[in-house]
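In what follows, a structure is listed as C-alpha cells, so that the remarks can point back to it.
Each chain gets a letter, A, B and so on, in the order the sequences are listed, and its residues count up from 1.
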Amino acid sequence: MIEIVPREQPSRRLTTGVPLLAAIGSLLLAAIPLAFAGAPIFEAYGQMFTGVFGSLFSFTEMLTRATPLIFTGLAAAVAFRAKLWNIGGEGQLYLGAMAAVWVGTGMIDGPPILLVPVVLLAGAIAGGLGMLGPALLKTRFGADEVVTSLLLNFIILIFVQMMLEGPLKDPMSLGWPQSEPIVDEAVLPQLIAKMRLHAGFLLAIGTAIIAHVIMAMTVWGLRIRAVGENAAAARHAGMPVKRIFLAVAFASGALAGIAGVSEVAGLKGYLTSDLSPGFGYTGIVVAMLAGLSPLGVVAAALFIASVFVGTDSMSRAMGVSSFLADLTVSMSLICVLLGGFFARFRIRRVRTEDAA
Amino acid sequence: MALPTTPVPHALPGSGATLLASDNRHEMTKPSPVLSLRGMTKRFGSVLAADHIDLELARGEVLALLGENGAGKTTLMNMLFGQYTADAGSVHVWHEDGAEIILPPGQPQAAIEAKIGMVHQHFTLAENLSVIDNILLGTERLLHLNRNRRAARAKLEALMIHSGLEAPLDRKVRELSVGERQRVEILKALYRDVRILVLDEPTAVLTPQEADTLFASVRSMVENGLSVIFISHKLREVLAFSDRIAVLRHGKKTGEMVTADADTHSIIRMMIGEEHDMPERTPGTPRDSVLKLDGVSIHPTRETRGLSDVTLDLKGGEIVGIAGVSGNGQSALARVLSGLLAPNAGGIEIGGERLAALTPRAALSHGIGRIPEDRHHDGIISALSVSENLVIERLGDADVQRAGFLRRASMAKNAEALSAAYDVRGPGIHARSALLSGGNIQKLILARVLETHPNVILANQPTRGLDFRAAAEVSRRLIAARDAGAGVILISEDLDEVLSLADRVLVMHAGELTETESRDRASIGQLMAGHAA
C-alpha cells in the first residue's frame with residue numbers, strides 16, 4: 001500500500017527546480033511524437049534551437065512572441081492568486097485591442113508621448129471591464145466565473161468579427177474584415193531596426209516587475225494573497241473581501257487587455273479577428289508553469305515562446321507538423337502539474353500492519 | 001448463539017483479520033457481545049484524544065455515548081472505523097456464529113466487512129442522484145454492466161417494510177427533507193446488512209416529531225438484533241432511548257451506567273466532572289459598561305440556530321461566561337459580535353454609540369478583540385507567515401505599512417516581540433503559520449487580539465482542543481486582560497472553564513440567554529438542558 005503525505009515545508013530547491021525539470025522533461029517527451037513523425041531526433045532538436053537562438057532575427061521573434069504571453073500570463077497569475085479563475089484572457093485581449101483601435105485610429109490626435117499611454121489605458125480599461133462583469137456575477141449571484149469568463153470569450157470574438165464587418169471596417173481594405181491602421185503616433189516604437197520586436201516587450205517586463213513588487217511588498221498584495229488563501233479569515237480580519245476580489249478582476253482583465261493593445265499597436269498595426277492564436281489561453285499555462293509568480297511568468301513565457309518559435313522553424317525545416325509546438329506546451333503543463341504534486345507531497349510506502 | 005467447539009484460527013479473506021477462539025464461556029449469562037473496544041488510545045501531538053477507552057456493546061442493545069465536544073467521541077468512532085490508526089488498543093467484533101475477530105487497525109474496509117455502519121451527523125449523500133442510486137453506490141462493482149437493480153429494489157422494499165423507514169426510492173436526494181435524507185442514510189447502512197449501527201447526533205437536524213419516528217424505527221430494528229451506538233448530548237433523548245450510557249470526558253471514559261438507573265443529575269455529574277483542578281478564581285472589579293446588547297434577535301436558518309431577544313450588559317473588568325450545549329445560538333451571538341452577521345432586530349451599544357449591526361472592520365475600530373471558535377478557518381490564514389498573520393487585522397497602521405508598502409522589518413520586530421511575550425513556538429516568524437500546532441496558533445491569535453488592548457474581548461471556545469498547559473495560559477491571559485479593564489465574553493461548552501473564569505454566568509439555551517446566580521453544576525446543567533432552575 002502506498003500513502004500520500006503532504007510535505008511540511010516544500011523546499012526552495014523543489015519549488016524552483018520543479019518547473020525547470022518539467023520544462024526539460026516536456027522537451028524530452030517531445031522526442032516521442034518527433035520519432036512518430038519520422039524526423040531524425042537530434043537534428044530536429046538542433047533546428048529547434050537554432051530556430052530560436054540562431055540569429056538576432058529569430059531571437060527577437062521569440063521575444064516578440066513572448067510579449068503577449070507575459071501579459072496574459074500575468075493576468076492569469078494575479079487572478080489565480082486570489083482564487084479568481086479568469087479563463088477569459090482571450091476575450092479581454094480582444095477587448096483591449098478593440099479599444100486601442102477605437103481610440104488609436106484617429107479619434108484623438110496628439111504626440112506619441114500622449115497617444116501611446118492613452119491607447120494603453122483604453123485597452124486596459126476595456127479588458128478590465130471585460131473581467132469585472134464575470135466577477136460581479138460571481139460576487140452578486142455566485143455564478144461560476146470559470147464558465148462566465150470562458151463563454152464571454154466567444155461572445156467577444158463574434159462581436160469583434162461583427163465590428164470588423166461594420167463600424168470598425170477599414171474602407172480601404174478591399175473588402176477584408178480588418179480595422180483601419182493605428183495612427184503612427186499611437187504605435188509602440190520598434191526596439192531594434194528592421195526587427196519586429198517592439199516597446200511592448202519592455203512594457204511587459206516592467207509590468208511583471210511591478211506586479212511582483214505589488215504582490216510581495218505591498219498591503220494590496222498581502223490582501224490579495226489573504227483573500228485567495230482563506231476568504232473567511234480575511235473577512236473576519238476586516239478586509240473588504242468583495243472589493244479586493246473585484247479589484248483583482250479588473251487588474252487581471254486590464255493586463256490581458258494590454259496584451260491586445262501591444263499586439264495591435266506594437267506588431268500588427270491593425271485589428272483582425274485572428275490577432276491572437278490563443279494567447280489568452282496559453283497565458284493560463286504560462287501562469288501555472290510560473291507557479292503564479294509574476295517574475296516566473298516572464299521565464300515561463302520565454303520558454304513557451306521558444307517552444308512555439310523553435311518548433312515552427314523546425315517543422316518548416318524538417319517537414320513535420322507544427323502542431324508539435326502545441327503538443328510540447330501541453331506536455332510541459334502536465335509535467336509541471338505532476339511535478340508540483342511531487343513537490344507538495346511525498347509518496348510513502350507503508351507496509352500493512354499485521355493484526356495483533 | 002452457539003460457540004464453536006473446536007475453533008480453527010484462520011485469516012478472514014480480504015480483511016486481513018484474524019479469527020480467534022472465543023473465550024467468553026463465563027460470560028454466557030450476560031447478553032452476547034457484538035463489539036468490544038479495549039484500551040483504545042490515540043494521541044495527537046501533545047493532546048491525548050482518547051486515553052485507554054474500553055467500550056462493550058451487546059447484541060440488541062442501544063448504547064448512548066455522551067460527552068462534550070472534544071471529549072473523544074469522534075476520535076473513538078474514527079478508530080473503530082479504521083479512519084484513524086489507534087496508538088494502542090484493539091477492536092473486537094463477534095460474528096453471528098460467535099466467532100471473534102480483531103479488526104486490523106487503520107483499515108475502513110475491515111469495519112465495513114465486519115458489518116459496522118455509521119450515519120454521520122453531516123449527511124454523505126450525492127444530492128443529484130436518486131435515493132436508490134445513493135443506496136447502491138459503492139455496493140456494485142465499478143465495471144459491472146448489468147446492474148441487478150430489480151433484486152436491489154426488492155431487498156430495499158422488504159427492508160423498508162421491516163424497519164418502518166420509508167423513503168421514495170426514485171426521487172432525487174436534493175428534493176428530500178432532512179428527515180427523509182436521514183432515513184436514506186440509515187437505509188444505506190441497513191442495505192449493507194450492518195449488525196452494528198453508529199448514529200452520530202441523529203436528531204441534531206430533526207424536528208421532535210421526526211426524532212420520535214426515528215427512535216421508534218430504530219427500536220424495532222434493535223428488537224430484530226441490531227446493535228446501536230448512539231452519540232448525543234441531548235440528555236432527554238438519551239434517557240428515553242438508550243439501554244446503557246457511557247460518558248467520555250477529556251479522552252477518558254468517566255462513567256457507565258444502565259439507563260434505568262440514571263437520571264439527568266447523575267449524567268451531568270459524569271459529563272462535567274467534579275474535580276477542581278483549576279486555580280481558585282479571583283473576582284473581577286466591574287467598572288463602566290463597555291458593551292450592551294439590547295434585544296438582539298436573529299432568525300434561525302438551516303445551518304444555525306437564531307437568537308431571540310438577547311440582552312446583555314458587559315462591564316469593563318469582568319468576565320461574563322456563557323455556558324450551554326453547543327448549537328443553542330452561541331455561534332450566532334459570536335458572529336453578531338464579530339461583525340459577520342447583522343441582527344434582524346435589536347441594537348448594539350458600544351463606546352456610547354448605538355449601532356444596528358457591526359462589520360468586522362467596525363468591530364475592530366470599536367475595540368472588540370475576537371478569538372474565533374474555529375481558529376483554523378476564521379482565525380489565521382495558514383499560507384501566510386506568522387508575522388503577516390499577526391498584523392492582518394491592522395494593515396493600515398503606520399508600523400505595518402508606509403504609503404501602501406509593507407514595513408517588513410517593523411513587522412518582523414513586532415512578530416519577534418509578540419512570539420516571545422506569548423510564547424508562540426514554531427519554525428520561526430517567517431514560516432507559514434500552517435506549521436504551528438493548534439496551541440501555538442491560539443497563542444498567535446491571542447497575541448494579535450490582546451496587543452491592541454481591546455475594550456471588549458470575545459473568546460469563543462478559546463481552549464477547545466488545547467492541552468492543559470496551553471489552556472491554562474489562555475485562561476491566564478484572559479484574566480490579565482480583564483484585570484487591565486477589558487470586558488470579556490467567554491463562550492464555552494466546558495462548564496468547568498466557565499465556572500473557573502467567569503465573574504457572571506449566563507446560560508444559552510434555544511437562542512435565549514438566561515443569567516444565573518447559581519454556581520452549582522446541577523442547577524446550571526438543568527438550565528443547559530432547557531429546564532427552569
Side-chain angles (χ1 to χ4, degrees), chain A residues 1-3 5-12 14-15 80-83 209-244 247 251 291-293 343-345 348-356, chain B residues 11-12 15-20 85 88-91 101-107 110 335 338-340 359-365 370 372 374-385 388-389 391-396 400-408 411 427 431-432 434-435 448:
Chain A
M1 219 164 86
I2 56 166
E3 212 173 56
V5 254
R7 292 179 197 271
E8 287 222 322
Q9 177 100 37
S11 72
R12 251 265 132 67
L14 266 173
T15 47
F80 289 8
R81 267 297 178 87
K83 294 232 161 64
I209 293 169
I210 291 171
H212 169 76
V213 167
I214 289 176
M215 290 308 271
M217 293 161 68
T218 69
V219 172
W220 262 98
L222 181 60
R223 285 170 152 187
I224 292 170
R225 285 183 287 139
V227 168
E229 295 294 344
N230 185 345
R235 180 165 173 240
H236 189 269
M239 296 186 203
V241 172
K242 277 187 185 176
R243 226 170 63 206
I244 294 168
L292 306 188
S293 133
R344 271 178 289 125
F345 298 93
R348 207 168 54 182
R349 216 175 242 283
V350 281
R351 250 190 299 152
T352 312
E353 292 167 67
D354 294 329
Chain B
L12 212 68
S15 65
T18 318
L19 265 173
L20 291 185
T85 308
S90 54
V91 179
I101 59 165
I102 295 177
L103 294 188
Q107 291 184 25
R335 283 163 61 80
S338 301
L340 297 172
T359 61
R361 195 74 263 151
L364 286 165
S365 66
R370 300 139 325 136
D374 187 340
R375 59 186 79 110
H376 297 277
H377 186 257
D378 294 321
I380 61 156
I381 297 163
S382 54
L384 300 188
S385 70
E388 288 171 333
N389 267 296
V391 297
I392 50 172
E393 290 188 344
R394 48 184 204 92
L395 288 173
V400 178
Q401 56 90 31
R402 186 185 288 140
F405 281 85
L406 294 170
R407 298 180 63 183
R408 292 273 181 201
M411 281 166 62
R432 289 184 301 129
L435 299 174
R448 181 176 74 206

Name the region of B:L340, side chain, backbone, both or neither, that has any atom closer than 4.5 Å to a heavy atom of chain A.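 Both parts, backbone and side chain.
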Between B:S338 and chain A, with a heavy-atom cut-off of 4.5 Å, which part of the residue counts as in contact: side chain, backbone, both or neither?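 For B:S338, the contact with chain A is made by the side chain alone.
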Top of A:G221, A:A234, A:A232 for chain B proximity - count of heavy-atom pairs under 4.5 angstrom: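 Max contact count across the listed options: A:A232.
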State which residues pass side chain to side chain contact (heavy atoms under 4.5 Å, CB included) with B:S382; sequence neighbours excluded, sorted by chain then number.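 Scan of B:S382 (side chain to side chain contact (heavy atoms under 4.5 Å, CB included), adjacent residues dropped) gives B:I380, B:A434.
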Could you tell me which residues in residues 210-217 of chain A have at least one non-hydrogen atom under 4.5 Å from a non-hydrogen atom of chain B, sorted by residue number?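 Counting heavy atoms that sit under 4.5 Å from chain B, the residues of residues 210-217 of chain A involved are A:V213, A:A216, A:M217.
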Please report the shortest heavy-atom distance between A:G238 and B:R361, naming the atom on each side. O-NH1, 3.2 Å
How close do B:I381 and A:A226 get, counting heavy atoms only, and between which atoms?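 Looking at all heavy atoms of both residues, the closest pair is CD1-CB, 3.4 Å.
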Is atom CZ of B:R402 surrounded by more than 12 heavy atoms (other residues, nucleotides or ligands) closer than 6.0 Å? no
When heavy-atom pairs shorter than 4.5 Å are enumerated against chain A, which of B:V400, B:N389, B:I392 gives the highest number? B:I392
Heavy-atom pairs under 4.5 Å with chain A: which of B:E393, B:R394, B:Q401 has the most?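 Maximum pair count with chain A is reached by B:E393.
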My understanding is that only residues two or more places apart in sequence, or in another chain, count here; which of them pass salt bridge (charged side-chain N to carboxylate O under 4.0 Å, His left out) with A:E229? none
Applied to residues 217-227 of chain A, the side chain to side chain donor-acceptor pair (under 3.5 Å) test, sequence neighbours excluded, yields A:R225-B:E388
Is a side-chain donor or acceptor of A:N230 paired with a backbone partner of B:D378 at a separation under 3.5 angstrom?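 No; zero donor-acceptor contacts below 3.5 Å.
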